[in-house]
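Below you'll find the structure, written out as structure tokens, and then a few comments.
No experiment lies behind these values; they were computed from the predicted model shown. To find a chain, count down the sequence lines: A is the first, B the second, and so on, and within it residues start at 1. Side chains are part of it too, since the values below use all heavy atoms of this structure and drop only hydrogens, waters and symmetry mates.
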Amino acid sequence: MIAGTARQSENEPGPTLVAVAGVVLEAFADGGLWWADRRLLVVADLHFEKGSSFARRGQMLPPYDTAETLARLSRLMARLDPAAVIALGDSFHDDGGAARLLPRDRAALATLQSGREWIWIAGNHDREMPADLAGMHADTLAIGPLVFRHDPATGEDAAGEIAGHLHPAARVAGRGKWVRRRCFAGDGNRLIMPAFGAYAGGLNVLDRAFAGLFAAPGFRAFVLGEDRVYAVGRKALRPD
Amino acid sequence: MTARADVKDAVTLLPPPFAGWFASRGWTPRPHQVELLAKARAGRSVLLIAPTGAGKTLAGFLPTLVSLHERPKEAPVGGRGPHTVYISPLKALAVDIARNLEQPVAEMGLPVTMETRTGDTPLHKRQRQKLKPPDILLTTPEQLALLISATDAGRFFADVDTVILDELHSLVVSKRGDLLSLGLARLRTLAPGLKAIGLSATVAEPDQLRGWLVGQSLSPAHPRESGNPEVPSLASEGKPLGPRLRGDERPEGKPPTAGRKSRPRRLSRADLITVAGGAKPEITILDSQERVPWSGHAARYALADIYATIAAHRMVLIFVNTRSQAEMIFQELWRINADALPIALHHGSLDPTQRRKVEAAMAAGKLRAVVATSTLDLGIDWGDVDLVIHVGAPKGASRLAQRIGRANHRLDEPSKALLVPANRFEVLECRAALDANYLGAQDTPPIRDGGLDVLAQHVLGMACAAPFDAGDAYREVTSAYPYRNLARDTFDRVVAFVATGGYALKTYERYAKIRQGPDGLWRVSHPRFAQQYRLNVGTIIEAPMLNVRVGRSARAGFAGRGGRTLGKIEEYFIEQLSPGETFLFAGQVLRFEGIRENEAIATRTADDTPKIPMYAGGKFPLTTYLATGVRAMLADPKTWANLPVQVSDWLKIQRRRSILPKRNQLLVETFPRGNRFYLVSYPFEGRLAHQTLGMLLTRRLERARLRPTGFVATDYSLAVWGLGNLGLAFARGKPSLAELFDEDMLGDDLDAWMADSYLLKRTFRSCALISGLIEKRHPGKEKTGRQMTVSSDLIYDVLRAHEPDHILMQATWADAATGQLDVARLGEMLSRIKGKIVHKQLDRISPLALPVMLEIGREVIAGEAQEDVLREAAEDLINEAMGDG
């Protein structure tokens with residue numbers, strides 16, 4: 001037997017607030033992170049040109065992923081009008097990615113960059129950023145109590161860290177089934193951001209790769225829903 | 001020119017060793033065996049339709065054995081390729097057939113070599129088979145695809161004289177059948193003059209299978225060399241409901257067919273030999289003293305009756321529709337098994353060694369009953385079964401006939417069967433199935449148009465074998481029955497898809513997998529693409545499975561490495577369990593301990609309230625034929641005399657309280673209950689179609705501001721409820737039921753809903769895998785694989801947003817329309833009931849509505865209401881934080 005429940009319409013949801021090292025940030029359902037005081041937008045793991053990277057090896061994925069990622073980013077930026085954007089590493093899927101940008105995507109990116117600060121944090125996929133793209137380049141960037149880097153640091157350096165790289169995703173159980181979505185993962189001290197790229201997948205936050213990154217009591221998965229972010233505790237999470 | 005043969009001719013047709021062999025066992029060749037031999041010797045392709053136990057296998061191989069006996073002993077220089085290729089849907093069946101053939105071949109002293117080639121065949125043996133092929137090669141559709149994609153395929157298959165296709169009825173209705181049809185087309189090119197022998201159980205439309213066996217020709221003016229002379233296509237062939245087309249491409253009011261042109265054509269057909277079934281089966285429906293439940297599938301009420309029946313027979317085969325039913329019935333029978341009768345369990349998820357044990361015990365007559373699912377359906381012979389019990393509704397008359405055929409080997413004695421309906425609607429369905437079987441009615445599904453994803457896989461395989469010309473390839477592909485209507489431009493789009501993805505945005509030209517050379521031929525651009533193809537061949541997409549292993553001790557936490565593997569279980573079921581929860585598997589109650597790598601670790605437990613796995617497989621939709629039968633029964637009180645009293649009373653009360661719809665009417669009842677208003681309709685089109693209808697009605701009711709809040713669907717009826725007064729709104733025509741059930745819901749509403757439906761994403765995934773857009777996960781490579789792959793859901797979202805008319809989206813919609821969503825059937829229903837909707841406004845629930853109303857709240861649709869799961873998990877957290885949880 002099959003049953004369904006009609007979706008109740010919701011009031012316009014506000015952003016979900018996430019605290020890191022005492023700074024209150026806003027998490028959005030498309031994976032962007034907003035620091036309102038500084039008018040700063042952070043996005044992680046854009047993985048531009050992942051499709052063409054796969055095509056080189058014979059998997060002809062639809063060549064629209066860069067356009068799609070840019071379109072999502074553009075919608076988010078139109079809403080927030082940030083003064084600065086941090087791309088938190090792995091902005092291109094591989095070193096040759098920027099060179100493969102189609103002219104129209106290159107133009108769209110330039111439009112987004114114009115009139116604001118743009119910081120490319122180096123990732124492991126895109127160590128060498130071509131000089132012909134606007135924006136400044138950095139390995140890490142510290143602003144106030146926050147530190148922005150691609151790969152979460154091990155050891156004592158967690159305080160105030162905003163990182164990407166791991167593509168966290170959460171599997172949430174309930175009603176005799178489960179839902180798997182991208183998520184932010186944080187414990188109040190550090191926050192790991194979901195991948196923003198259209199073809200960037202997710203790694204379960206309960207995977208070994210996340211071991212030791214978070215303090216158990218404050219741990220939350222901020223799960224991306226249709227139009228809002230849900231804070232979910234460890235109890236409702238399941239491994240893959 | 002047709003070679004007619006009767007038994008007299010056997011003497012002249014059968015060479016001495018054969019005649020002698022038959023005589024030595026006191027046998028006479030059966031007429032159909034002789035007739036098939038005569039036709040095959042005349043170079044004809046033949047479809048043999050015969051019930052179980054009619055000697056189908058020997059009939060199929062006899063022409064090959066005779067031909068091998070008569071050919072020159074000395075092989076020509078360079079050796080010989082296989083003479084006959086036998087293809088079965090099951091590895092086990094191929095192995096079984098080889099074993100069964102060895103005996104007569106040895107006894108007749110025939111110079112014939114036979115070998116199987118399956119996924120289990122070791123590499124060295126496969127390599128040796130290439131160099132020194134057997135005379136008869138027994139294999140599967142996937143292995144055939146691999147063989148014809150090899151660079152030496154032309155040489156290897158040059159000598160093939162006959163291809164034998166076993167269990168053809170079950171193969172042709174799947175994508176495996178599409179792949180096989182293309183392989184067969186290839187074989188016809190490689191070995192001109194090839195004849196095909198199809199072995200099949202009784203089917204509704206033998207002409208489709210006859211057409212399937214031989215090459216079809218695009219142009220009536222140029223009959224093909226291979227295949228039998230052409231005969232006009234029968235009117236009964238009917239227009240298959242093809243994939244739906246999007247937007248304005250679809251002609252008004254016509255069944256949609258994507259990318260296909262209908263043109264006047266003649267259908268080539270194989271000859272037909274039909275062996276009539278033996279004695280009519282004796283079928284009864286359980287008339288229990290217990291109360292037959294209103295709803296559910298458990299049939300618990302009938303367990304005592306079933307047990308008593310087992311005790312009164314030698315050997316009983318109990319068929320159920322799903323593995324979870326099998327587990328449950330098995331468990332419950334042992335609970336009341338006071339006499340400790342040997343009762344066993346057999347289903348596809350069990351460990352093979354367990355299954356072999358049950359099969360051996362059965363063949364040796366050591367068992368009194370076996371609870372089984374469809375794994376037993378396919379032609380392997382069983383011990384001395386004297387009764388088949390079918391628990392739950394059979395869902396199709398043909399399926400029932402094939403299952404009942406298992407009872408009693410001797411063709412001339414009637415098989416005995418007992419039907420055990422699990423609820424009241426199933427009583428009606430069983431009655432309809434019983435009548436159909438007495439009439440010999442068949443309702444096997446029609447053969448659909450071939451999948452474009454399968455074609456893409458095949459096109460890459462062709463390029464792996466040898467450079468090909470697109471025109472030649474198109475002619476060859478359209479000679480395959482499922483692709484006979486394929487338009488040239490669709491074919492070209494598939495070739496472009498294989499080469500570069502076939503996108504409107506052309507950016508992948510330099511990475512092309514296959515390229516057209518200056519000679520105009522398409523070839524693989526790099527050998528690694530051929531390797532990739534070989535790893536991904538086939539059309540069977542399995543749900544990820546985990547081994548279930550029983551650890552030695554629960555106390556050791558995650559139990560030691562030791563313990564026994566009981567079988568495989570779907571990953572998604574295990575994922576719903578938390579450690580400590582119990583479940584039923586392989587007839588045992590197990591406590592789930594955890595997942596380690598690809599194993600689910602469990603321990604035994606005495607808990608007797610286990611969860612029962614809900615498996616995705618094995619849920620057959622009710623066939624249109626039986627649905628019609630049930631509707632007719634409702635409409636005609638004269639037939640109620642055949643029903644158990646409690647069921648006919650139920651219908652009588654319904655007639656008094658509400659109405660019973662006429663055969664062609666759709667009854668819609670509305671009534672208030674609690675603080676909700678309900679709409680219950682009775683289309684009898686199967687769960688999938690009802691589920692789709694429920695989604696679409698909900699959208700419309702929402703637009704009419706009737707605030708629908710949910711629905712539930714069964715095979716027979718659909719209930720939708722909401723906060724608005726539905727009955728009043730329909731009575732006022734705001735909206736009218738005619739508007740609500742208008743066919744145009746299959747347009748934009750369907751598009752909008754389907755696009756976001758997880759069902760479509762799941763279908764897309766299987767099309768993407770089969771077509772080679774994404775690669776299958778391979779055991780051992782999965783760890784690295786996770787980062788190297790892109791989820792098909794993400795690809796779907798991007799493709800839908802940027803190129804919704806892409807050929808793979810077309811393939812996906814076509815699949816969904818006939819499969820998961822059953823849109824085709826829903827469309828036929830909506831057009832049938834136009835102007836024939838009967839609305840009955842009631843002040844309370846009707847007797848007929850009771851079964852579906854009882855299902856409310858039992859199960860939530862998988863994949864839908866996802867936001868609710870997240871919202872509740874988030875609220876739990878809040879409650880926890882506020883000290884409330």
Side-chain angles (χ1 to χ4, degrees), chain A residues 1-10 16 50-52 54-65 67-69 71 100 102 167 170-179 181 197-203 220-221 223-233 235-240, chain B residues 295 497 500-501 503 505 507-508 511 513 526 528-529 532 575-576 595 687 691 694-695 698 702 708-714 773-775 786-787 789-791 794-795 797-799 801-803 806 855-874 876-877 880:
Chain A
M1 304 299 146
I2 295 287
T5 310
R7 193 167 289 155
Q8 309 278 355
S9 65
E10 290 257 321
T16 297
K50 183 166 181 176
S52 60
F54 272 67
R56 290 193 305 173
R57 299 200 307 268
Q59 270 193 269
M60 307 297 172
L61 304 187
Y64 309 109
D65 56 316
E68 176 66 23
T69 306
R100 292 197 306 272
L102 298 177
H167 299 206
R171 179 167 264 185
V172 182
R175 296 192 170 204
K177 61 185 178 179
W178 50 262
V179 177
R181 292 284 169 80
Y199 284 164
L203 181 66
R220 296 281 181 273
V223 186
L224 309 191
E226 289 293 321
D227 51 12
R228 54 167 290 202
V229 173
Y230 299 91
V232 174
K235 265 164 81 181
L237 301 179
R238 297 285 177 272
D240 278 339
Chain B
S295 66
F497 168 82
T500 62
Y503 300 104
L505 183 65
T507 62
Y508 292 162
Y511 312 128
K513 260 155 85 165
H526 195 280
R528 74 169 183 272
F529 296 132
Q532 223 175 46
E575 277 164 352
Q576 293 168 12
I595 294 175
R687 194 173 41 89
Q691 186 189 323
M695 294 283 185
T698 307
E702 213 160 59
T709 50
F711 71 86
V712 63
T714 70
L773 181 73
I774 56 176
E775 292 185 72
R786 191 156 285 167
Q787 286 123 42
T789 56
V790 178
S791 136
L794 298 178
I795 299 171
D797 288 340
V798 169
L799 190 55
H802 294 266
E803 197 176 337
H806 188 258
E855 293 295 333
I856 293 173
R858 275 206 191 162
E859 202 182 311
V860 179
I861 185 167
E864 303 296 334
Q866 300 207 335
E867 289 290 297
D868 296 343
V869 173
L870 295 180
R871 189 177 303 115
E872 281 166 20
D876 280 351
L877 184 71
E880 205 179 303

What distance separates A:Leu61 CG from B:Leu794 CG, expressed to the nearest 0.5 Å?
10.5 Å

Residues in salt bridge (Lys or Arg N to Asp or Glu O under 4.0 Å) contact with B:Glu803, at least two apart in sequence or another chain:
none

Please flag which part of A:Val232 lies under 4.5 Å from any non-hydrogen atom of chain B: side chain, backbone, both or neither.
both

Option from A:Arg57, A:Gln59, A:Met60 for which side-chain contact (heavy atoms from CB on, under 4.5 Å) with B:Tyr511 holds:
A:Met60

For A:Ser52, which residues count as a side-chain contact (heavy atoms from CB on, under 4.5 Å) partner, sequence neighbours excluded?
A:Glu49, A:Arg100, B:Tyr508

Do you know the tightest heavy-atom contact between A:Ala170 and A:Leu237?
CB-CD2, 3.8 Å

Residue selection (most heavy-atom pairs with chain A, distance under 4.5 Å) from B:Gln532, B:Arg528, B:His526
B:Arg528

If you tally heavy-atom pairs under 4.5 Å against chain A, which of B:Thr507, B:Ile774, B:Leu773 wins?
B:Leu773

If I measure from the heavy atoms of chain B, does A:Ala200 come under 4.5 Å with its side chain, its backbone, both, or neither?
backbone

Side chain, backbone, both or neither: which part of A:Leu102 has a non-hydrogen atom closer than 4.5 Å to chain B?
side chain

